[in-house]
Structures are given as structure tokens and as C-alpha cells.
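See below for the structure under consideration.
Residue numbers count from 1 along this sequence.
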Amino acid sequence: MTLTDAQLTAQAQRLNISVEALRTYLDAGYGKRAPGVVRAVHITAKPAGSACNLDCDYCYYLSKEGLLRQANQRIREDLLERFITEYIATQDTEEIAFTWHGGEPTLLGLDFFRSVVRLQARHLPAGRRISNDLQTNGTLLDDDWCRFLAEHQFLVGLSLDGPREVHEQHRPSKSGASTFDAVVAAAQRLRRHGVTFSTLTVVNRDSPEHALSIYRFLRDEIGSVYMQFIPCVEPQDFRHTDAMHLPEAARVAADSPRVAPQHPLSIVTPWSVSPQGWGEFLCAVWREWRGHDRGRVRINLFENLFALQAGQPAHICTHAPVCGKNLALEHDGRVYACDHFVYPAHEIGRIGEQPLAEMAFSLKQLEFGLAKFNRLPTQCKRCEYLKLCWGECPRTRILQSATGDGALSYLCEGWKQFYRLAVGPQRRAAAKAAVVRQGATDGNG
């Protein structure tokens with residue numbers, strides 16, 4: 001839809017950006033690039049939908065089968081090719097990164113991914129290159145899989161929550177059987193075949209008391225030198241309602257007893273990590289890592305912190321000022337604003353009905369991405385750690401802010417606990433002074 005000048009002006013005012021910025025953004029969706037503009041979009045593709053051979057109780061995606069009324073959970077060949085073609089055409093960067101996720105994408109079989117790399121090669125323009133990463137629970141990875149992954153240089157994300165007693169608490173198979181041995185065997189097989197992999201560990205309510213054993217297990221027994229730690233934060237009604245549409249009654253202040261996951265009326269699921277637990281987990285791992293492994297083990301959250309302290313863009317979208325450039329593709333061609341916002345309200349289009357570029361650079365998607373900044377409460381704007389956090393991910397903003405003008409991240413106190421340890425006193429003082437100056441300029445001081 002082409003907007004008139006008056007409509008552009010009205011929308012720009014509503015979104016708190018300049019008219020020229022809005023016009024440049026929307027034009028990019030139609031293939032018109034202003035000088036210096038480079039389009040870059042990332043899509044998490046879910047070719048098998050929410051289908052999975054595990055039954056993790058904390059999974060944020062298993063419930064999509066019912067919510068989205070998923071039937072045959074396998075992307076059609078013609079739809080797959082159209083996605084690959086349009087995704088390549090939407091990128092202006094030299095490297096085009098494909099992410100394959102789920103559910104469990106390996107359920108589609110090895111021949112499916114052989115088809116993927118053939119289609120990518122067929123549609124790749126000269127002078128460009130493609131990379132692939134695959135997020136998997138690892139239980140189906142045999143030697144044939146690993147040879148394929150090595151040959152095509154896939155980066156693998158392997159879901160593993162820690163040693164046996166930790167992993168088995170929440171990650172059983174559909175039949176209730178243990179998956180631990182299969183995942184450990186997958187890690188060993190990946191290493192043997194020379195496949196680069198990172199471990200993805202969900203930090204849940206039980207994790208903080210095992211923080212060091214989790215980290216040491218991943219480091220010493222799995223040999224993981226790339227680690228991702230993901231906080232589990234799920235509102236009670238997460239299966240049906242996203243964080244942006246939570247009713248006010250579902251939000252409480254940070255000091256409410258209902259913040260605790262173990263509270264009978266908690267606002268989060270019993271397996272969610274508490275704010276204090278998240279801070280304790282990060283601090284314990286940080287101390288161990290800084291004392292023994294800095295420069296040898298790379299941890300996504302720590303790498304991100306260093307980048308932000310150096311004035312670089314965030315490595316992780318959750319700590320960027322705005323979001324909206326990490327879309328999600330379902331197996332039926334539906335495209336959503338974000339992997340963590342695959343809800344009907346956040347559907348932005350369908351492959352085959354509208355060009356992918358128009359969806360990615362649409363007004364609806366821009367509004368979603370800017371909402372992270374535009375809805376930032378004054379409490380966050382006054383925080384000394386603002387530029388390290390930016391209010392964290394919108395999916396965790398489920399608390400009432402103290403200033404009453406926006407939602408606060410559930411993990412706020414945990415992040416502060418970590419930043420007090422990891423950010424030196426001089427940097428904290430400088431950051432605090434900058435916030436005071438900004439507050440005086442804004443009239444918020």
C-alpha cells in the first residue's frame with residue numbers, strides 16, 4: 001500500500017520517527033534503496049512447524065500446533081523454493097544466513113536438507129554466499145547427518161540443559177524417556193566430524209542452584225566453546241497470549257510476591273527462572289568464566305556485553321534499542337513478526353500472497369520493531385544500565401513499571417545484579433552521569 005504524503009506524516013509522528021526515515025524503510029520493501037541503504041533481514045524458518053519428538057514442559061513452541069491449527073507439519077517443496085528465492089532477493093548483504101528451527105527440523109529427514117542446499121545453490125547470485133545454521137535437540141543426529149552438516153558447513157545449535165540430573169528434569173521424549181544420552185552422543189559425533197556447534201541451554205527455575213555444574217559440564221565434558229544461555233520466562237497464559245497483549249490484571253510490580261515462580265498465584269509458569277535466580281546464574285558463570293576461560297570459551301551474553309561497552313551494535317536483538325529484524329516463517333508460509341511472537345495478532349503476511357520484502361519492510365513490522373523503544377518506561381530511561389539492556393526483550397516485559405508508563409522486564413533485577421558485578425565502577429559512574437545529563441535534557445530528571 002502506497003501512502004500519501006499526509007499519511008506518511010501522520011504515521012511518522014505516531015511511530016516517533018522522521019518522515020524521511022519512514023519513506024526510506026517502506027521503499028526498501030519495494031526494492032527502492034536510498035543511497036547507503038543496505039537491506040538485511042533474518043528469518044527463523046520452521047519447516048516442520050512445532051512438530052517435535054521431545055515433550056519439554058517449558059517449550060514455548062509445542063503449543064503452536066493448537067494455537068495455529070497446524071495440520072500437515074511439513075513445508076511444501078514449491079513453498080520452500082519460493083521462500084529461499086525471495087529470502088535471497090530480500091538481502092543486500094554478501095552473506096545470506098538461513099536459520100532452520102522448530103519444533104525439531106531434523107524430523108524432516110536428511111533428504112529435505114539436501115534439497116535445501118540444492119535450491120540455495122540454484123538461486124544464489126554470483127558474488128554472494130550462503131550460510132546455514134540448524135537448531136536441534138540432537139537426538140536424531142547420526143553419522144550420515146554429521147557428514148552432511150560438515151560437508152556443507154552448517155553451524156549447529158545443540159539444545160542441552162546441563163548434566164544428567166538437570167537436563168532430565170524438563171526434556172523427556174514424547175514417551176517420557178530420557179534424552180540425555182542421545183544428546184551427549186550427538187555432541188561427541190559432531191566433534192568427531194568437525195562440525196562447529198554451540199550449546200543452547202535454557203535457564204529455568206532449577207538452573208541457578210546448579211549454575212557451576214552446568215557450565216563446567218558444558219565446558220569440560222561436552223567440550224562446548226560456544227555457549228548460549230536463554231532465560232525461561234513464560235507468563236501463565238503464554239500458550240494463547242503474547243506479552244504485548246497481556247491484560248493489566250496479569251501484570252504486577254517487581255516487588256510483588258506473585259513474581260516468584262513458586263507462588264500459587266505467580267504471573268509466570270512454575271518452571272520460569274526468577275529474576276534473582278537469573279542474576280545468580282549469570283554471576284556464578286561469569287566468575288568462573290572470567291577466572292579461567294576468557295578468550296577460550298565464548299558466551300553469547302558476555303560477548304554481547306563487551307560489544308555494547310565498546311560502542312558496537314548489540315550482537316543479540318534482545319539488547320538492541322529496537323527490534324523487528326528477526327522474523328519467523330511457519331511451514332505453511334505464514335510469516336510472523338518474531339520467533340517469540342508467533343501469535344495470530346503478529347502475522348504479517350504469507351509467502352506466495354505477498355513478496356517477502358514487502359512483509360519485512362511493512363508498516364506493521366516497523367511498528368512492532370519500534371514498539372520496543374517507543375514503549376520503554378521512564379524507569380528504564382533513567383537506569384544507568386539502559387544502553388546495555390534497552391528494556392530487554394519485549395517477550396519478558398510483563399511487570400508494571402514503577403513509573404507507571406510502560407511494562408518492565410521480568411528479569412530487570414537479575415540483569416542489574418549481573419551488571420553490578422560485570423561492569424566496572426568507573427564505567428557505571430560514567431553511565432550514571434550520562435543518564436542524569438539525558439534526564440536533564442529530556443526534562444525527566
Does any non-hydrogen side-chain atom of [Y] lie less than 4.5 Å from one of [X]?
X: Pro235; Y: Val268; result: no
X: Ile230; Y: Leu200; result: yes
X: Ile88; Y: Ile130; result: yes
X: Tyr60; Y: Arg239; result: no
X: Arg39; Y: Thr93; result: no
X: Gln153; Y: Ser131; result: no
X: Asp161; Y: Ile214; result: no
X: Pro261; Y: Pro270; result: no

Could you go through Thr136 and Glu104, starting from their C-alpha distance and side-chain angles, then the distance that decides it, and tell me whether this counts as side chain to side chain donor-acceptor pair (under 3.5 Å)?
CA-CA 6 Å; Thr136 176; Glu104 177 49 47; 2.8 Å; yes
Just by distance, no angles: are the side chains of [X] and [Y] close enough, under 3.5 Å, to form a donor-acceptor pair?
X: Ser50; Y: Gln73; answer: yes
X: Asn53; Y: Thr139; answer: yes
X: Asn137; Y: Ser159; answer: no
X: His193; Y: Asp143; answer: yes
X: Ser178; Y: Glu168; answer: yes
X: Asp220; Y: Tyr215; answer: no
X: Glu280; Y: Gln276; answer: yes
X: Thr269; Y: Gln236; answer: no
X: Gln169; Y: Asn204; answer: no
X: Asp133; Y: Trp100; answer: no

[X], [atom1] atom: more than 12 neighbouring heavy atoms under 6.0 Å:
X: Arg296; atom1: CZ; result: yes
X: Phe373; atom1: CZ; result: no
X: Glu303; atom1: CD; result: yes
X: Arg191; atom1: CZ; result: no
X: His263; atom1: NE2; result: yes

Mind running side-chain contact (heavy atoms from CB on, under 4.5 Å) on Arg219 and Trp289 for me, showing each step along the way?
CA-CA 10 Å; Arg219 179 193 65 192; Trp289 172 85; over 6 Å; no
[Y] ring center within less than 6.0 Å of [X] ring center:
X: Phe148; Y: Phe154; answer: yes
X: Phe418; Y: Trp278; answer: no
X: His245; Y: His346; answer: yes
X: Phe197; Y: Tyr226; answer: no
X: Tyr87; Y: Phe98; answer: yes
X: Trp415; Y: His319; answer: yes

Donor-acceptor pair, Glu413 side chain versus Pro275 backbone, under 3.5 Å?
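Side chain of Glu413 to backbone of Pro275, a donor-acceptor pair under 3.5 Å: no, none is there.
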Closer than 3.5 angstrom, by distance alone: can the side chain of Tyr410 be matched with the main-chain N or O of Ala254 as a donor-acceptor pair?
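No; zero donor-acceptor contacts below 3.5 Å.
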Salt bridge or not between [X] and [Y]? Use side-chain N to carboxylate O under 4.0 Å.
X: Arg164; Y: Asp181; result: yes
X: Arg122; Y: Glu81; result: yes
X: Asp142; Y: Arg189; result: no
X: Glu248; Y: Arg251; result: yes
X: Glu94; Y: Arg128; result: no
X: Asp57; Y: Arg171; result: no
X: Arg397; Y: Glu392; result: no
X: Arg350; Y: Glu347; result: yes

Under the 6.0 Å and 45° cation-pi test, does [X] pair with [Y]?
X: Arg294; Y: Phe306; value: yes
X: Lys64; Y: Tyr343; value: yes
X: Lys46; Y: Tyr61; value: yes

When you look at Thr106 and Leu134, which way does the side-chain contact (heavy atoms from CB on, under 4.5 Å) test go after all the steps?
CA-CA 9 Å; Thr106 61; Leu134 175 72; 4.1 Å; yes
Once you round to the nearest 0.5 Å, how far does [atom1] of [X] lie from [atom2] of [Y]?
X: Leu160; Y: Met227; atom1: CG; atom2: CE; answer: 10.0 Å
X: Ser409; Y: Lys416; atom1: OG; atom2: NZ; answer: 10.5 Å
X: Leu80; Y: Ile75; atom1: CG; atom2: CD1; answer: 5.0 Å
X: Arg74; Y: Asp332; atom1: CZ; atom2: CG; answer: 15.0 Å
X: Leu79; Y: Arg82; atom1: CG; atom2: CZ; answer: 8.5 Å
X: Ile267; Y: Leu246; atom1: CD1; atom2: CG; answer: 8.5 Å

Before giving the answer on side chain to side chain donor-acceptor pair (under 3.5 Å), spell out for Thr179 and Ser173 the whole-Å C-alpha distance, their side-chain angles and the decisive distance to 0.1 Å.
CA-CA 6 Å; Thr179 61; Ser173 71; over 6 Å; no
Show your working on side-chain contact (heavy atoms from CB on, under 4.5 Å) between Tyr336 and Leu329 and close with a plain yes or no.
CA-CA 6 Å; Tyr336 294 86; Leu329 170 74; over 6 Å; no
Steps toward side-chain contact (heavy atoms from CB on, under 4.5 Å) verdict (Asp206, Val273)
CA-CA 7 Å; Asp206 304 309; Val273 65; over 6 Å; no
